[in-house]
**Student:** 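Before I ask anything, let me first share the structure, which is written out below as structure tokens.
Excluded from the calculations below are hydrogen atoms, water molecules and symmetry mates; all remaining heavy atoms, backbone and side chain alike, are included. Positions are given from 1, in the same order as the sequence printed here.
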Amino acid sequence: MNLKFRAKDYKSDDSFESAEYEYFGNETEGWEIKRNGQPYLHLGPGYIPLKTISCGVCSTDIDRRFLPFPLPQIIGHEVLAEGLGENQGKQFVVEINDTYEARGDQNPDQFCKEGIPTHSPERRVLGIDRLPGGFGPYILAPVHAAISLEGVSPKAAVLMEPFAAAVQAILASPPKPGDHVAVLGPRRLGSLILAALASYRKTNNSDFRITAITRHDHLVTLSKSMGADEVVDLRKTDINNLKGQFDIVYDTTSTTSGFESALQIAKREVHLKTTNGQVMAGIAHLTELVVDELSILPYSDANALFHWKKENRKNQTVFVFAGVSEVIKENLKKQFTVFEGSSSDAENILNSEKFSNRLPRFDLVVVSNPEELSLSIRPNPNHENSLVRPRGAILVDTTKGNQWTEETKLVSKFFAEGKEIHSSRCGDFHMAISLLRENPEITKALETNLISHRFPSDQLELAYATAKDPSSVKVVVDFN
């Protein structure tokens with residue numbers, strides 16, 4: 001098949017430019033992609049061509065220039081598409097991770113074998129990392145990432161990717177009975193987290209309160225329709241009056257000030273869901289923390305056993321920075337294989353024979369200061385590999401408070417009080433579809449309330465600018 005078209009590439013200066021693309025190939029033999037007549041990307045077997053119906057604009061698109069992936073690129077990953085060729089007449093939503101598993105490759109890497117295929121370092125990501133996205137008229141989707149749309153209306157389907165991501169946040173940080181949880185910034189993804197919380201509560205017959213925190217009139221109304229029990233308007237309530245009131249705060253603000261507010265008002269946990277690619281509260285690489293779905297916890301014997309609830313594994317290897325207290329080091333050596341040193345020492349160990357034929361990451365990393373925390377997430381500017389495994393944890397030695405700077409004292413105090421930071425990325429479309437089928441009132445709320453603006457594809461720049469405006473909620477680009 002040969003598909004030739006023009007699309008608007010996103011550039012590193014936050015602008016768009018028109019480019020000519022050509023996809024040539026097929027599912028069994030692979031594809032060649034050309035941009036302006038020059039080779040752009042070679043894809044092996046396992047991709048099917050789809051025609052874009054519509055694509056949502058999200059916070060990642062708006063902050064795309066800050067992410068460590070090459071530009072220019074056709075961005076957009078919240079895609080509703082229709083099939084071509086033998087799939088003509090079918091509609092699909094598309095999971096964004098291009099992995100061995102998604103392509104049906106029979107030779108998976110160690111990350112796939114460990115049950116975390118979406119974290120494979122070799123993955124591409126639709127509309128984010130190399131793979132052309134949904135702001136173009138055609139995409140190439142890994143065959144198993146294209147999910148047939150059955151039982152959910154197309155109006156709600158264009159929201160499937162962010163809704164699945166919202167569900168992932170709830171699975172990673174589930175409320176306990178009697179909890180009072182808050183969603184800070186209930187706009188695009190935040191309103192979907194409200195809907196996911198309401199669906200989760202009903203489906204599991206659970207008992208917890210949901211509060212939305214905002215400062216915009218239209219979001220007060222939206223939050224109530226999306227499942228919030230109550231709404232706090234920060235134009236009327238000082239954030240300082242909310243300190244320590246919420247067991248879990250889901251931060252979807254994508255701002256430094258929002259993250260700092262979340263740290264202050266959380267009683268037990270902050271779940272960081274959206275970031276802006278920049279330093280926040282003095283900590284670098286929090287965007288990458290979310291990409292890797294890592295957690296940051298105060299050191300304790302119990303937290304040394306941390307793993308995601310839905311994963312059946314035990315921690316085995318731990319890396320400890322040299323500045324960590326000797327008491328912690330001795331405690332860890334009783335249970336785990338412990339390595340010690342600097343971040344470069346850690347990289348050398350992971351590249352050595354000791355980690356051959358196993359996941360090249362430590363299950364846990366223990367740090368004593370903010371620099372070590374940032375290095376645990378991204379130790380080397382030449383690659384995107386963390387020291388700690390995806391969905392693993394970085395433990396903070398809270399006895400070393402004197403090693404934290406004035407800029408990071410808010411974070412230091414947070415951990416010293418025994419509180420935790422968790423994160424999550426994209427989620428399971430099948431589970432999201434199931435939740436929407438079981439909760440038709442939530443589906444109707446998504447259809448009715450969430451999409452505030454729709455633009456034809458030839459007005460992409462206007463759609464993008466509108467999505468930046470706080471008065472918008474969800475902006476969708478249509479290719480009809």
Side-chain angles (χ1 to χ4, degrees), residues 46 60 67-69 77 94-126 128-131 142-145 147 161 164-174 271-273 275 285-297 303-319 336-337 346-347 350-351 355-365 376-379 383-395 421-432:
T60 302
L67 302 186
F69 306 118
H77 55 274
V94 184
E95 293 185 324
I96 69 175
N97 291 290
D98 171 12
T99 66
Y100 289 100
E101 187 175 85
R103 297 189 297 269
D105 195 307
Q106 298 302 308
N107 298 296
D109 67 0
Q110 197 65 40
F111 288 79
C112 295
K113 293 176 182 177
E114 287 274 333
I116 45 176
T118 58
H119 291 282
S120 171
E122 66 81 44
R123 74 184 183 277
R124 288 173 285 254
V125 185
L126 179 72
I128 297 176
D129 179 13
R130 291 167 289 172
L131 197 62
V143 61
H144 296 307
I147 312 299
E161 194 282 331
V167 172
Q168 183 82 335
I170 314 310
L171 296 177
S173 296
H271 188 99
L272 187 59
K273 192 61 185 176
T275 64
H285 301 307
L286 289 178
T287 292
E288 292 85 350
L289 180 99
V290 174
V291 169
D292 290 352
E293 300 186 299
L294 302 178
S295 297
I296 311 175
L297 318 174
N303 284 342
L305 303 177
F306 170 83
H307 62 85
W308 274 35
K309 291 180 175 59
K310 62 180 182 179
E311 292 184 350
N312 182 23
R313 67 173 185 83
K314 293 183 178 180
N315 296 326
Q316 300 178 50
T317 59
V318 180
F319 184 82
F336 310 105
T337 301
E347 285 195 275
L350 291 175
N351 291 323
F355 277 79
S356 62
N357 299 316
R358 66 187 300 174
L359 193 73
R361 303 287 188 276
F362 299 103
D363 294 314
L364 302 170
V365 173
S376 299
I377 304 169
R378 288 294 181 270
H383 60 70
E384 289 300 310
N385 299 335
S386 172
L387 297 182
V388 62
R389 63 173 287 136
R391 300 180 184 169
I394 301 166
L395 305 184
I421 295 175
H422 295 264
S423 69
S424 64
R425 190 162 51 96
C426 47
D428 185 329
F429 277 35
H430 298 284
M431 182 175 292

**Student:** Would you give the length of the straight line joining atom NZ of Lys309 to atom OG of Ser173, rounded to the nearest 0.5 angstrom?
**Tutor:**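 Interatomic distance, Lys309 NZ to Ser173 OG, rounded to 0.5 Å: 7.5 Å.
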**Student:** Hey, are Arg313 and Asp363 close enough for a salt bridge, meaning a charged N less than 4.0 Å from a carboxylate O?
**Tutor:** yes
**Student:** So, for His77 and Ile96, which heavy atoms are closest and what is the spacing to 0.1 Å?
**Tutor:**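 Heavy-atom minimum between the residues: O-CG2, 3.6 Å.
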**Student:** Report the distance from atom CG of Asn97 to atom CG of Leu126, rounding to the nearest 0.5 Å.
**Tutor:** 9.5 Å
**Student:** So, do Leu286 and Ile421 sit near enough that their side-chain heavy atoms are less than 4.5 Å apart?
**Tutor:** no
**Student:** Can you name the closest pair of heavy atoms from Asn385 and Pro379 and give their distance?
**Tutor:** O-CD, 3.0 Å
**Student:** Indicate the atoms forming the closest heavy-atom contact of Ala169 with Ser424, along with that distance.
**Tutor:**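 For Ala169 and Ser424, the tightest heavy-atom pair comes out as CA-OG, 3.3 Å.
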**Student:** Asp292 pairs by side chain to side chain contact (heavy atoms under 4.5 Å, CB included) with which of Arg389, Arg378, Glu384, Arg391?
**Tutor:**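 The option that passes is Arg378.
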**Student:** Nearest 0.5 Å, what's the CG-CG distance between Leu395 and Leu364?
**Tutor:** 5.0 Å
**Student:** Check step by step if side chain to side chain contact (heavy atoms under 4.5 Å, CB included) holds for His422 and Leu297.
**Tutor:** CA-CA 8 Å; His422 295 264; Leu297 318 174; 3.7 Å; yes
**Student:** For Asp109, which residues count as a side chain to side chain donor-acceptor pair (under 3.5 Å) partner, sequence neighbours excluded?
**Tutor:** Ser120
**Student:** Please give me the minimum heavy-atom distance between Ala164 and Asp428, naming the atom from each residue.
**Tutor:** CB-O, 4.0 Å
**Student:** Is it true that Glu122 and Arg103 have a side-chain N and a carboxylate O under 4.0 angstrom from each other?
**Tutor:**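 Yes, this pair counts.
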**Student:** Check whether any side-chain heavy atom of Phe111 lies under 4.5 Å from a side-chain heavy atom of Pro360, and answer yes or no.
**Tutor:** yes
**Student:** Any side-chain heavy atom of Cys426 within less than 4.5 Å of one from Glu161?
**Tutor:** yes
**Student:** Phe306 and Asn315: which non-hydrogen atoms are nearest, and at how many Å?
**Tutor:**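 That closest heavy-atom pairing would be O-ND2, 2.9 Å.
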**Student:** With respect to Leu67, which candidate in Asp129, Val291, Thr60, Val125 satisfies the side chain to side chain contact (heavy atoms under 4.5 Å, CB included) definition?
**Tutor:**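 In the set Asp129, Val291, Thr60, Val125, the residue that makes a side chain to side chain contact (heavy atoms under 4.5 Å, CB included) with Leu67 is Thr60.
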**Student:** By salt bridge (Lys or Arg N to Asp or Glu O under 4.0 Å), which residues pair with Arg358, not counting sequence neighbours?
**Tutor:**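 Result, salt bridge (Lys or Arg N to Asp or Glu O under 4.0 Å) vs Arg358: none returned.
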**Student:** Please round to the nearest 0.5 Å and tell me the distance separating atom NZ of Lys113 and atom CD of Glu101.
**Tutor:**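 If I round to the nearest 0.5 Å, the distance is 13.0 Å.
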**Student:** Provide the closest heavy-atom pair for Phe69 versus Ile128 in the form atom of the first, atom of the second, distance.
**Tutor:** CB-O, 3.6 Å
**Student:** For Arg425, what residues pass the salt bridge (Lys or Arg N to Asp or Glu O under 4.0 Å) criterion, not counting sequence neighbours?
**Tutor:** none
**Student:** Considering residues, nucleotides and ligands other than Lys310, do more than 12 of their heavy atoms fall under 6.0 Å from its NZ?
**Tutor:**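 Atom NZ in Lys310 is crowded, with more than 12 foreign heavy atoms closer than 6.0 Å.
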**Student:** Compare all side-chain heavy atoms of Met431 with those of Leu171 and state whether any distance is below 4.5 angstrom.
**Tutor:**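 Yes, their side chains come closer than 4.5 Å.
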**Student:** Using a 4.5 Å cut-off on heavy atoms from C-beta on, say whether the side chain of Arg361 contacts that of Pro121.
**Tutor:** yes
**Student:** Report the relative orientation of the aromatic rings in Phe319 and Phe362; use parallel for angles under 30°, tilted for 30 to 60°, perpendicular for over 60°.
**Tutor:** tilted
**Student:** Any non-hydrogen side-chain atom of Ser386 less than 4.5 Å from a side-chain atom of Glu288?
**Tutor:**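 No, side chains not in contact.
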**Student:** Would you call Leu350 and Leu387 a side-chain contact if the rule is heavy atoms closer than 4.5 Å?
**Tutor:** yes
**Student:** Please check: side-chain N/O of Ser423 versus main-chain N/O of Leu294, any donor-acceptor pairing under 3.5 Å?
**Tutor:**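 Between the backbone of Leu294 and the side chain of Ser423 there is a qualifying donor-acceptor contact (under 3.5 Å).
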